[in-house]
Each structure stands twice: as C-alpha cells, then as structure tokens.
Amino acid sequence: MADPVDRIASTIRQRQAPVPDHPLNTIPNDIKPNGRIPNTPLAASTISFLLGSLFSLGVFTSVVGGYESYWWSTYQLGLFVAAWSAFHWGEFAVTAGWNLEKCSVDSFLLDNGSMYHIAHGTALVEYLITLYFKPSWKSYPYVTTAGVVLILVGQVLRSTAMIHATTNFSHMIAFKKQDSHVLVTDGVYAWFRHPSYAGFFYWALGTQLVLQNPLSFVGFVVVLWRFFYFRTRAEERALVKFFGDEYIQYRRSVGTKIPFIP
C-alpha cells in the first residue's frame, strides 16, 4: 500500500506538471485571461449550457408570442434574450473553431466592462417601464421586424469577419506585430474595413429596434459611435506601423460602413 505522504506528493507533482496540448484546453497563447471567470473547460461548458438555455427560452417565448399571465414576458423580450445569448455563445464558438490559439473563457465577452452591462440593463429597464405604463408604444411589429433583420445582418457580418480573418483576428487591439500577422483585404474585408466592428454596431442597434426603445437606440448610437471611432483610430495607427503603405492604400479604397467613421 502506497505511503500517504508519497500519494500527496505525487498528486502535487501532477497538478504542477505542464498542461498537455489537448483540444479541451482553454489556455490561449500570448493572451492572459482576465481571471474574473475561471478559465477552465468546466466554466466554458457551464456558460455554454446557460447561454443555450437562455437562447432556447427566448426563441420559444418569441414563437408562442409571449405569455399572457406575465405582462413582461413578450415576444420582443424573447427575441432580445435569444439575440443576446446567441451573440455571446457565437463569440466563443467562432474563436474556438477558427482562432483556437486566442481562445479562453474571456472569448464569450461576458466580462466586457461595466458600461456594456449597464447599457443593456438600461435598455431592459426602459423597455419594461414603457411596456408597463404605455404598452401601446411597443405595438409596432414592423419596427421589431426591422430590428430582427439588423440583428441577423450584424451577427452574420461579425462572425464572417472573425472566421475569414482566423488567427489575424483578436478581441484586443494588437500593438505588436506577430510573425503570422498578415493584412486581410479580401472576402468581407474587401467591402468593410472593420467588418467585426460594423457587425456589432448594427447588431446592437437591431436589439433596440426589437425592443422599440427610442431612448436607448439613440444612446447606443452615440456610445457605440464614440467607442468605435476612437478604437479604429488606435487600431489603424498600429496597422499603419505594421503594414505601411499597403494599409494606407487599403484604407483609402475601403470604408468602415459605420456612419461618419471614415
């Protein structure tokens, strides 16, 4: 029978051993996870399960037209929940499938800053308050339909951009050029200079059309425009440094397709 001390020492050595290269690992190269969410396969699978459950509940709620016994449970809210959960699951899924070296639990983008969650929380508050006091203001189905179209277009555009760029895509701005870093100008990048940003911009505005939130819609336009304006300026300074005239020529010929961001 093994000595208890030897068994404890053996267990410690196993835990301290280098993590083998395995498909279930979520340890990215050169990017340190924030650490606020455990970066483990268990955490990733649990989050995926919860997001999938929310998506299913949202889709079912929208399909049945909401539940009359709960005034707040509308098909619009169901669509919003489905779109939100699908977006976050898709961020991780696409990163895991086409950019594994940068994949971690942070790829869900759930730890996306307090302002992100405040914005969506404010949108929900506006929706519920308006729905309670002025339900007639939420009775324009064509506005919600336009929002669904914008959500789908934005989601497809963002996911396509991430898939096409593969390892050249990063959720964080790269200020140091990697050996594998190349300038992508074909595919969706031939039409949009920053397709992932444009995709998120229109996806987010679509969510507010689904909820028929005029105040949050305007707020999202202002906040997102300001965020992407300064983010693209910072990123493009790095890209000019990386690729020089090649990027400058590309920037002249392809726009961002985000209003007033050249």
Side-chain angles (χ1 to χ4, degrees), residues 36-38 42-96 105-160 199-224:
R36 287 183 282 270
I37 302 175
L42 176 60
S45 60
T46 301
I47 293 171
S48 293
F49 173 78
L50 293 175
L51 290 175
S53 299
L54 278 175
F55 175 79
S56 300
L57 179 61
V59 169
F60 185 77
T61 300
S62 66
V63 168
V64 301
Y67 304 100
E68 293 183 0
S69 54
Y70 301 98
W71 64 269
W72 49 267
S73 181
T74 64
Y75 81 98
Q76 295 162 328
L77 186 61
L79 287 170
F80 174 82
V81 169
W84 184 88
S85 55
F87 170 79
H88 287 285
W89 180 85
E91 290 293 295
F92 181 87
V94 172
T95 305
V105 72
D106 290 346
S107 301
F108 284 106
L109 292 189
L110 290 171
D111 190 8
N112 205 19
S114 59
M115 288 303 300
Y116 176 81
H117 297 293
I118 290 173
H120 281 104
T122 301
L124 287 173
V125 169
E126 179 186 351
Y127 178 75
L128 293 174
I129 289 177
T130 307
L131 181 68
Y132 185 80
F133 290 103
K134 292 289 184 179
S136 62
W137 292 5
K138 303 295 184 184
S139 59
Y140 302 96
Y142 60 88
V143 176
T144 293
T145 300
V148 171
V149 172
L150 208 56
I151 285 172
L152 293 175
V153 170
Q155 183 67 69
V156 170
L157 179 58
R158 182 171 175 87
S159 296
T160 301
F200 182 82
F201 181 82
Y202 293 114
W203 174 89
L205 297 187
T207 64
Q208 299 315 298
L209 289 180
V210 162
L211 295 177
Q212 299 182 29
N213 281 345
L215 296 179
S216 291
F217 181 86
V218 174
F220 272 47
V221 169
V222 173
V223 171
L224 287 172

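All of these numbers come straight from a predicted model, not from anything done at the bench.
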Could you tell me how the ring of His120 sits relative to the ring of Phe220: parallel (under 30°), tilted (30 to 60°) or perpendicular (over 60°)?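 Perpendicular: the ring planes of His120 and Phe220 meet at over 60°.
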
Test item: [X] side-chain N/O and [Y] main-chain N/O as donor-acceptor pair under 3.5 Å:
X	Y	answer
Thr144	Val210	yes
Gln76	Gln212	no
Glu91	Leu109	no
Thr130	Tyr127	no

Rounded at 0.5 Å granularity, tell me how far [atom1] in [X] sits from [atom2] in [Y].
X	Y	atom1	atom2	value
Ser85	Phe80	OG	CZ	10.0 Å
Asn213	Leu128	CG	CG	9.0 Å
Leu209	Ser216	CG	OG	11.5 Å
Asn112	His88	CG	NE2	7.0 Å
Trp89	Phe49	CH2	CZ	14.5 Å
Tyr116	Asp111	OH	CG	12.0 Å

Should [X] and [Y] count as side-chain neighbours, where that means a heavy-atom distance under 4.5 Å?
X	Y	value
Leu51	Phe92	no
Leu124	Leu77	yes
Thr61	Leu57	yes
Thr207	Trp203	yes
Leu54	Leu50	no

Tyr67 atom OH, neighbour heavy-atom count above 12 within 6.0 Å: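 Yes, OH of Tyr67 has more than 12 neighbouring heavy atoms, counting only those of other groups under 6.0 Å.
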
Could you go through the side chain to side chain donor-acceptor pair (under 3.5 Å) check for Gln155 and Ser159 one step at a time? CA-CA 6 Å; Gln155 183 67 69; Ser159 296; 3.1 Å; yes

Show the nearest heavy-atom pair for residues [X] and [Y], with the distance to one decimal.
X	Y	result
Ile151	Gly206	CG1-C, 3.6 Å
Phe108	Ser48	CZ-OG, 3.4 Å
Pro38	Ala43	O-CB, 3.0 Å

